[in-house]
Amino acid sequence: MAFQTIKGTHDILPEDSTRWQELESIIHDVAVRFGYSEIRTPIFEDTSLFSRSVGEDTDIVSKEMYTWDDRSGGSLTLRPELTAPVARAFIQHNLGSKSPVQRMYYLGPLFRRERPQKGRQRQFHQFGIEAFGSEYPEQDAEIIAVGQTIFSELGLKDFSLKLNSLGSGECRGHYKKALQDYFNPLKNQLSETSQKRLETNPLRILDTKNPEEQKLLAGAPSIADFWTRDDAEHFSNVQDLLSVLDIPFELDPQMVRGLDYYTRTTFEFISGNLGAQDAICGGGRYDGLVEILGGKPTPAMGFAAGMERILMSMEQNGKKIEGNSVYLINLVESARGKALQIANEIRELGFTLTMDTLRRSLKAQLRDANRIGAVKVIIMGDDEIKNQTLQIKDLTTGEQEEIAESDLVKHFAV
RNA sequence: GUGGGCGUAGCUCAGCAGGUUAGAGCACCUGGUUGUGGCCCAGGAGGCCGUGGGUUCAAGUCCCAUCGCUCACCCCA
């Protein structure tokens with residue numbers, strides 16, 4: 001094969017694009033009903049936008065970005081996530097001054113250079129929502145409710161919500177130090193990567209899957225002990241609101257989101273039947289991000305959800321039959337122009353109309369009409385042209401009637 | 001970056017301990033109906049058996065290398 005897609009990238013073929021469109025339409029619909037508006041940002045950005053917000057020591061920034069030097073000197077990067085670009089746009093266009101709460105959602109491709117596996121690609125798609133301006137638990141609950149609503153409207157089964165709070169900025173600082181104090185004496189029992197993280201980002205040790213290290217975690221200090229009173233109250237309010245909304249969740253004090261900018265509430269939606277990569281949605285509060293990127297201090301909360309993973313976890317529902325598809329068969333050479341005109345008349349009435357462009361036999365064209373799921377066929381042959389009539393065949397019943405050419409629009413308009 | 005599994009027709013896969021023109025199902029095309037689909041029947045087209053090298057009288061089959069896909073680790077959506 002001469003050319004094929006780059007490792008970790010995939011074509012979305014015509015036979016699959018309908019499912020994508022359905023997914024997208026539910027996302028648009030639910031987001032808009034919650035009062036969110038779509039934002040579209042460029043596919044690539046200044047590299048430092050990501051390194052500064054996501055964190056130098058994260059896997060994304062340290063080894064997964066597609067980065068190159070621009071001819072004019074700067075360093076550019078294909079976006080590996082979308083919260084930072086949206087925050088950048090929020091600051092750049094001073095959106096905070098247009099209304100006290102900015103609610104936005106987005107949809108599009110992202111790029112991370114990882115080893116592909118089930119549920120992981122190098123180009124993949126996420127949708128997400130972000131709300132800037134409110135620090136209150138209602139905002140947290142609203143964001144989570146949007147996710148919950150979308151997943152249930154998609155008919156997703158077997159998904160669950162995990163919840164944690166990382167506390168506010170200062171609390172994280174104390175907790176970090178406490179973790180370092182705890183792990184430093186045990187340093188030689190830690191893996192090489194964990195030892196590095198002990199220096200740079202000890203929180204990341206918490207989500208290790210190494211059984212040896214998990215044993216050590218049992219005695220480690222818990223984040224909950226470092227929450228400020230406000231942190232604890234905020235988190236407890238979020239939980240209360242979720243309960244009021246009948247959104248089930250479970251607490252997971254071990255859940256540390258991979259990106260540096262998270263504060264307070266963090267959450268993940270997990271799906272069964274996805275294999276090792278089971279998170280379909282992840283998000284949380286990031287009250288410090290806007291300021292880090294040079295904007296006014298602005299509380300914010302959002303999530304991102306993986307569209308491929310969502311589609312994978314949805315049951316493959318069978319092909320829907322097009323309810324209004326028509327197939328036009330013309331067998332007369334001199335009537336080709338006329339056939340095209342008739343085709344357009346039917347299309348103007350709102351029908352999907354397909355025509356053969358291979359000059360095939362009647363039989364072949366009928367077979368084709370059947371294959372694409374056409375409901376009706378219009379047949380133009382020598383007799384019909386001579387008599388100024390048309391045959392209309394109903395493929396669902398097999399019945400066929402002859403109508404006057406002049407009655408065509410009337411026939412389909414009903 | 002590390003490890004496991006797999007590369008045969010468009011798709012899903014057979015191919016016995018190496019042996020002659022490489023198979024099936026589905027899909028596609030034609031005919032059975034001088035102008036009538038689906039079902040059925042008959043026929044047809046479509047393969048450098050991933051690539052390169054080696055062993056052998058003989059390689060889809062064995063060995064080595066390489067490329068690709070896939071699953072998992074790390075981490076994430």
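All values reported here derive from a predicted model rather than from experimental measurement. Reminder, nothing fancy here: chain letters follow the sequence lines and each chain counts from 1.
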- Message: Set out, in order, the CA-CA distance, both residues' side-chain angles and the distance that settles side chain to side chain contact (heavy atoms under 4.5 Å, CB included) for A/L289 and A/T83, then state yes or no.
- Response: CA-CA 9 Å; A/L289 179 61; A/T83 299; 3.8 Å; yes
- Message: What I want to check is whether an N or O donor and acceptor connect the side chain of A/K393 with the base of B/rG35 at under 3.5 Å.
- Response: no
- Rounding to the closest angstrom, what is the interatomic distance between B/rU33 and B/rA42 at atom C1'? 15 Å
- Item | Aromatic centroids of A/Y105 and A/F127 separated by under 6.0 Å | no
- Can the positive tip of A/K393 be found less than 6.0 Å from the middle of the six-membered ring of A/Y327, inside 45° of the ring normal? no
- Query: A/R359 CZ to B/rG35 P: how many Å, rounded?
  - Reply: 18 Å
- Task: For the side chain of A/R120, starting at C-beta, report the closest nucleotide among B/rC75, B/rG68, B/rU70.
- Result: B/rC75
- P spacing across the pair B/rG54 / B/rC40, given as an integer number of angstrom: 50 Å
- Roughly how far apart, to the nearest Å, are B/rG44 and B/rU56 at atom C1'? 38 Å
- Query: Considering only the C1' atoms, how many Å lie between B/rG47 and B/rG15, rounded to the nearest integer?
  - Reply: 14 Å
- Item | Pairwise C1' distance for B/rU8 and B/rG25, with rounding to whole Å | 15 Å
- Test for a donor-acceptor pair under 3.5 Å between the base of B/rA72 and the side chain of A/Q277, counting only N and O atoms. no
- Does the base of B/rG37 carry an N or O that pairs as donor and acceptor with the side chain of A/N370 under 3.5 Å? yes
- Across the strands shown, which category fits A/D368 at heavy-atom distances under 4.0 angstrom: base, sugar-phosphate, nothing? nothing
- Item | 5'-most by nearest nucleotide on RNA chain B - A/M380 or A/R115 | A/R115
- Under 6.0 Å between ring centres, would you say that holds for A/F226 and A/Y175? yes
- B/rG10 to B/rC76 separation - C1' atoms, rounded to the nearest Å: 35 Å
- Message: Distance criterion of 3.5 Å, no angle test: do you see the side chain of A/R204 paired donor-to-acceptor with the base of B/rC75?
- Response: no
- Task: Considering only NZ, NE, NH1 and NH2 on the basic side and carboxylate oxygens on the acidic side, decide whether A/E114 and A/R120 come within less than 4.0 Å.
- Result: yes
- Option from A/R264, A/M255, A/R285, A/R172 for which side-chain contact (heavy atoms from CB on, under 4.5 Å) with A/L166 holds: A/R172
- Item | Rounded P spacing from B/rG60 to B/rA72 in Å | 34 Å
- Query: Got A/S165 and A/T266 here, is their nearest side-chain heavy-atom distance under 4.5 Å?
  - Reply: no
- Message: Measuring from the side chain of A/K63 (C-beta onward, heavy atoms only), which nucleotide among B/rG35, B/rC74, B/rG31 has the closest atom?
- Response: B/rC74
- Item | Most 5' of A/A276 and A/Q400 on RNA chain B, judged by nearest nucleotide | A/Q400
- Query: Are any of A/R371's side-chain N or O atoms less than 4.0 Å away from OP1 or OP2 of B/rC29?
  - Reply: yes
- Query: Between A/K363 (NZ) and B/rC29 (C1'), how many Å, whole number?
  - Reply: 11 Å
- Message: Work out how far the C1' atom of B/rC64 is from that of B/rA59, and round it to whole angstrom.
- Response: 15 Å
- Consider the side chain of A/Q126, meaning its heavy atoms from C-beta on, and name the nucleotide among B/rA77, B/rG35, B/rG3 that approaches it most closely. B/rA77
- Message: Rounding to an integer number of Å, can you tell me how far A/K118 NZ sits from B/rG4 C1'?
- Response: 17 Å
- Between atom OH in A/Y327 and atom P in B/rG37, what is the gap in whole Å? 14 Å
- Distance, rounded to the nearest Å, where A/R367 contributes CZ and B/rG32 contributes P: 11 Å
- Item | Closest nucleotide among B/rG35, B/rG68, B/rA77 to the A/L362 side chain | B/rG35
- Item | Atom-pair distance (OH on A/Y262; P on B/rC75), nearest Å | 17 Å
- Give none if B/rA9 has no partner; otherwise give the nucleotide forming a Watson-Crick or G-U wobble pair with it, both distances under 3.5 Å. none
- Task: Could you check how far CG of A/L13 sits from P of B/rG10, rounded to whole Å?
- Result: 15 Å
- Task: Figure out the CD1/P separation between A/I6 and B/rC69, and round it to whole Å.
- Result: 9 Å
- Task: Could you please name the partner base of B/rA17, counting Watson-Crick and G-U wobble pairs only when both distances are under 3.5 Å?
- Result: none
- Any-strand Watson-Crick or G-U partner of B/rG35, both distances under 3.5 Å: none
- Note on the structure: Applying the 3.5 Å cut-off to both distances, the Watson-Crick or G-U partner of B/rU66 turns out to be B/rG50
- Base B/rG35 to side chain A/Q365, donor-acceptor N/O within 3.5 Å cut-off: no
